[in-house]
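In what follows, a structure is listed as structure tokens, so that the remarks can point back to it.
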Amino acid sequence: MQNLLIMGLDPGTTLAYSLLDLNGNLIKLNSSKQLDSSSLTLEVLEYGKIVIVSTDVYPLPSFVLNFANKIGARIISTDKNLKVDEKRDLIKDFKVSNNHERDALASSLFAYKKI
């Protein structure tokens, strides 16, 4: 049986993503300037089935919407941009390499807390 996953996604020139299992355990955290939608799909689906995609900004970026639709995942979004302090509080027990990874991880943890 495939792992069911929550994905936090921070699109942009540097794309970052985080994957959590449904128990809130961090499975993968990555950022790269080399990821587009297709390579991202191939990379993340090896870890399991993504059932939720989330981001930390409002309104929902089109990249996130299109990606979630492409893989058949539900979207959990915020009704306002998450503030840096809120993101730092969400990720306080984790180590990240850059702000993109912080945003992606905060997004997935936000979604985890929502469900």
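Along the sequence shown, residues carry numbers from 1.
Shown here for Glu101 and Ala16, the closest heavy-atom pair between the two residues is N-CB, 3.8 Å. Here the shortest heavy-atom pairing between Leu22 and Tyr112 reads O-CE1, 3.3 Å. Shown here for Val53 and Ile50, the closest heavy-atom pair between the two residues is CG2-CG2, 3.8 Å. Shown here for Ser39 and Gln34, the closest heavy-atom pair between the two residues is OG-O, 3.8 Å. Across Ser108 and Met7, no two heavy atoms sit closer than the pair CB-C, 4.0 Å.
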Open item on the list: Evaluate Thr55 against Phe63 for side chain to side chain contact (heavy atoms under 4.5 Å, CB included), listing each step before the verdict.
Closed with: CA-CA 10 Å; Thr55 190; Phe63 183 92; over 6 Å; no
- [ ] Step by step, work out the side chain to side chain contact (heavy atoms under 4.5 Å, CB included) result for Leu5 and Lys28.
- [x] CA-CA 10 Å; Leu5 303 171; Lys28 178 73 176 174; over 6 Å; no
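Put simply, the residue from Thr78, Asp85, Val84 that forms a side-chain contact (heavy atoms from CB on, under 4.5 Å) with Leu82 is Thr78. None of Ile75, Leu20, Ile76 except one satisfies the side-chain contact (heavy atoms from CB on, under 4.5 Å) rule with Ile52; the exception is Ile76. Each of Ile6, Val44, Asn3, Leu19 was scored for a side-chain contact (heavy atoms from CB on, under 4.5 Å) with Ile27, with one residue passing: Leu19.
Here Ser38 contributes atom OG and Phe67 contributes atom CZ; the two are 9.5 Å apart, rounded to the nearest 0.5 Å. The NZ atom of Lys114 sits 9.0 Å away from atom OG of Ser54, with the distance rounded to the nearest 0.5 Å. Rounding to the nearest 0.5 Å gives a distance of 7.0 Å between OG of Ser97 and CG of Leu29. Atom CD1 in Ile115 sits 7.5 Å away from atom CZ in Arg74 (nearest 0.5 Å). To the nearest 0.5 Å, atom OG of residue Ser18 and atom NE2 of residue His100 are 14.0 Å apart. In this structure, CG on Asp103 lies 4.5 Å from CG on Asp56, to the nearest 0.5 angstrom.
A 4.5 Å side-chain heavy-atom check between Val64 and Pro11 finds at least one atom pair inside the cut-off.
Within the 3.5 Å criterion, the main-chain N or O of Ser62 finds a donor-acceptor partner in the side chain of Asn66. Although no hydrogens or angles enter the test, the distance criterion places a donor-acceptor pair under 3.5 Å between the side chain of Asn81 and the main chain of Tyr58.
With respect to the salt-bridge test (charged N to carboxylate O, under 4.0 angstrom), the residues Glu86 and Lys80 qualify.
There is a path of hydrophobic side-chain contacts, each under 4.5 Å, that joins Leu9 to Ile71. Follow the hydrophobic side-chain contacts under 4.5 Å out from Val57 and you never reach Tyr17; the two are in separate clusters. Hydrophobic clustering of Ile, Leu, Val, Met, Phe, Trp and Tyr side chains at less than 4.5 Å, counting indirect connections, keeps Phe110 apart from Leu60. One hydrophobic cluster holds both Leu109 and Val96 under the rule that ILVMFWY side chains link at heavy-atom gaps under 4.5 Å.
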